[in-house]
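Please read the structure below before turning to the comments.
Any value given below was found using the heavy atoms of this structure, including those in side chains, with hydrogens, waters and symmetry copies removed. Since we're looking at a predicted model, the values are computed, not measured. So that the names make sense, note that chain A is the first sequence line, chain B the second, and so on, each numbered from 1.
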There are 2 protein chains.
Amino acid sequence: MSSLNPELVRGSLDLMILSVLSDGAQYGYLIQQKLKAASGEMIELKAGTMYPILHRLESNKLVRCRWDESTGRRRKWYELTVAGKKHLKKRVGEWQAYVQCLQRILGPLVDPSPQPA
Amino acid sequence: MSSLNPELVRGSLDLMILSVLSDGAQYGYLIQQKLKAASGEMIELKAGTMYPILHRLESNKLVRCRWDESTGRRRKWYELTVAGKKHLKKRVGEWQAYVQCLQRILGPLVDPSPQPA
DNA sequence: CGCCAATAGATTGCCAGTCTATGTATTGCG
DNA sequence: CGCAATACATAGACTGGCAATCTATTGGCG
């Protein structure tokens, strides 16, 4: 699924999708492309992974969607709801707390020079 | 299991255990205590979660273990093997790559002031 | 014109892995 | 003496991603 450790990526798939959606409405295939680009080709979200997540987000009222059947190629546009935007903010906070916590646990194991020259 | 988002924590449980073990040999219960302390009480690793992981690490030859039955309270000491130390280093690198990647995806959503005053 | 690749959405079934619950036994304190 | 803490372990339930598969459209190439 990605050149990154899949176990790690697993826990933040919906965070990533939510994040991509924060740019505005997108349809599934677009989300895959954007995520791939935004991650520097590191993340390649498979359809069988993404759609269940999108459906889950929808049933949780975090995203809303609309079919566009105006062209032969039908597209389903997904968009963050107000609750979704709030949820995203919360999830970002959780992620930062997690990163800081793990950073602390790893302690001296992590190279303390993350800033690029 | 923790006050952190469990979904996120999930992917790094073995990383955390490996990290605690990098301090030297530990037995299961000690690992729980150390992890709890190192995480600022954020992570409370349950026995039913930890032991399967330890057994998996053992069968993967990443940790080696020895029973101490000298006291009535028997303890099983776990220690990193050479392969385990190498593996830990690799996993730390993967984790850093993951963090940077996600940081990039989240982009402007992350508060760009992580350093404490 | 026919075919294939890319685009676009979705589902099914499998499997890995964590969590809850439970079980056993020891030690020390009140 | 009983209970809480220490100490290890497993069984079964449940969640969730992934591979595989399906349908259909569009556009380009031979």
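- Protein atom CG of B:Leu45 is 15 Å distant from nucleotide atom P of D:dA7, rounded to whole Å.
- Distances from the side chain of B:Glu7 to the nucleotides C:dT18, C:dA10, D:dG16 place D:dG16 closest.
- Only one option out of B:Trp67, B:Tyr27, B:Tyr29 pairs with B:Trp77 in a ring pair (Phe, Tyr, Trp, His ring centres under 6.0 Å); it is B:Tyr27.
- Between B:Arg56 and the phosphate of C:dT18, there is a side-chain N or O to OP1/OP2 separation shorter than 4.0 Å.
- A donor-acceptor pair under 3.5 Å is formed between the side chain of A:Thr81 and the backbone N or O of A:Lys61.
- Rounded to whole Å, the distance from CG on B:Asp14 to P on C:dA16 is 15 Å.
- For the side chain to side chain contact (heavy atoms under 4.5 Å, CB included) with A:His87, the qualifying choice from A:Leu80, A:Val63, A:Leu18 is A:Leu18, the only one to do so.
- Rounded to a whole Å, the CD atom of A:Glu58 is 13 Å from the C1' atom of C:dG9.
- A:Arg10 and A:Glu7 are not joined by a salt bridge, as no carboxylate oxygen comes within less than 4.0 angstrom of a charged side-chain nitrogen.
- Between B:Tyr27 and D:dA7 there is a side-chain polar atom (N or O) within less than 4.0 angstrom of OP1 or OP2.
- No chain of hydrophobic side-chain contacts below 4.5 Å, direct or via other Ile, Leu, Val, Met, Phe, Trp or Tyr residues, connects A:Leu30 to A:Leu57.
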Atom pairs under 3.5 Å, N or O on each side, protein against nucleotides 11-13 of chain D: can you list them with distances?
none

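- With D:dA7, D:dG17, C:dG9 as the choices, the nucleotide that has an atom nearest any side-chain atom of B:Tyr51 turns out to be D:dA7.
- Nearest nucleotide to the side chain of B:Arg10, out of D:dA7, D:dC18, C:dC19: C:dC19.
- Ion pairing of B:Glu79 with B:Arg66 is present here, as a side-chain N (NZ or NE/NH1/NH2) and a carboxylate O approach within less than 4.0 Å.
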Distances for protein N or O near nucleotides 22-24 of chain D N or O, under 3.5 Å:
none

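- Across all non-hydrogen atoms, the minimal contact from B:Gly11 to B:Arg91 is O-NH2, 4.0 Å.
- The shortest side-chain heavy-atom distance between B:Ile31 and B:Leu54 falls under the 4.5 Å cut-off.
- The CG-P distance, from B:Leu15 to C:dG17, rounds to 15 Å in whole Å.
- A:Thr49 places no side-chain N or O within donor-acceptor distance of the main-chain N or O of A:Leu45, the cut-off being under 3.5 Å.
- Straight-line distance from the CZ atom of B:Arg75 to the P atom of C:dA25: 19 Å, rounded to whole Å.
- Listed in residue order, the members of residues 28-39 of chain B having a heavy atom less than 4.0 Å from DNA chain C come to none.
- A 4.5 Å side-chain heavy-atom check between A:Met16 and A:Val9 finds at least one atom pair inside the cut-off.
- As judged by a 4.0 angstrom heavy-atom cut-off over every strand, A:Trp77 is placed among residues making no nucleic acid contact.
- Side-chain N/O atoms of A:His55 include one lying less than 4.0 angstrom from OP1 or OP2 on C:dT11.
- Distance check, rounded to the nearest 0.5 Å: CD1 of B:Ile105 to OG of A:Ser39 gives 5.0 Å.
- Under the 30°/60° scheme for interplanar angles, the aromatic rings of B:Trp95 and A:Tyr98 are found to stand perpendicular.
- For B:Met50 and C:dT18, the CE to C1' distance is 14 Å, given to the nearest whole Å.
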> So B:Lys76 and B:Asp68, salt bridge (Lys or Arg N to Asp or Glu O under 4.0 Å) or not? Walk me through it.
Replying inline: CA-CA 6 Å; B:Lys76 196 171 179 180; B:Asp68 171 17; over 6 Å; no
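- Checking D:dC18, C:dA8, D:dC8 against the side-chain heavy atoms of A:Thr49 singles out D:dC18 as nearest.
- Rounded to whole Å, the distance from CD1 on A:Ile43 to C1' on D:dG17 is 13 Å.
- The side chain of B:Lys46 places no N or O atom within less than 4.0 Å of a non-bridging phosphate oxygen (OP1 or OP2) of C:dA21.
- One atom, CG of B:Asn5, and another, P of D:dG16, lie 11 Å apart when rounded to the nearest Å.
- Distances from the side chain of A:Ile53 to the nucleotides C:dT11, D:dC8, D:dG17 place D:dG17 closest.
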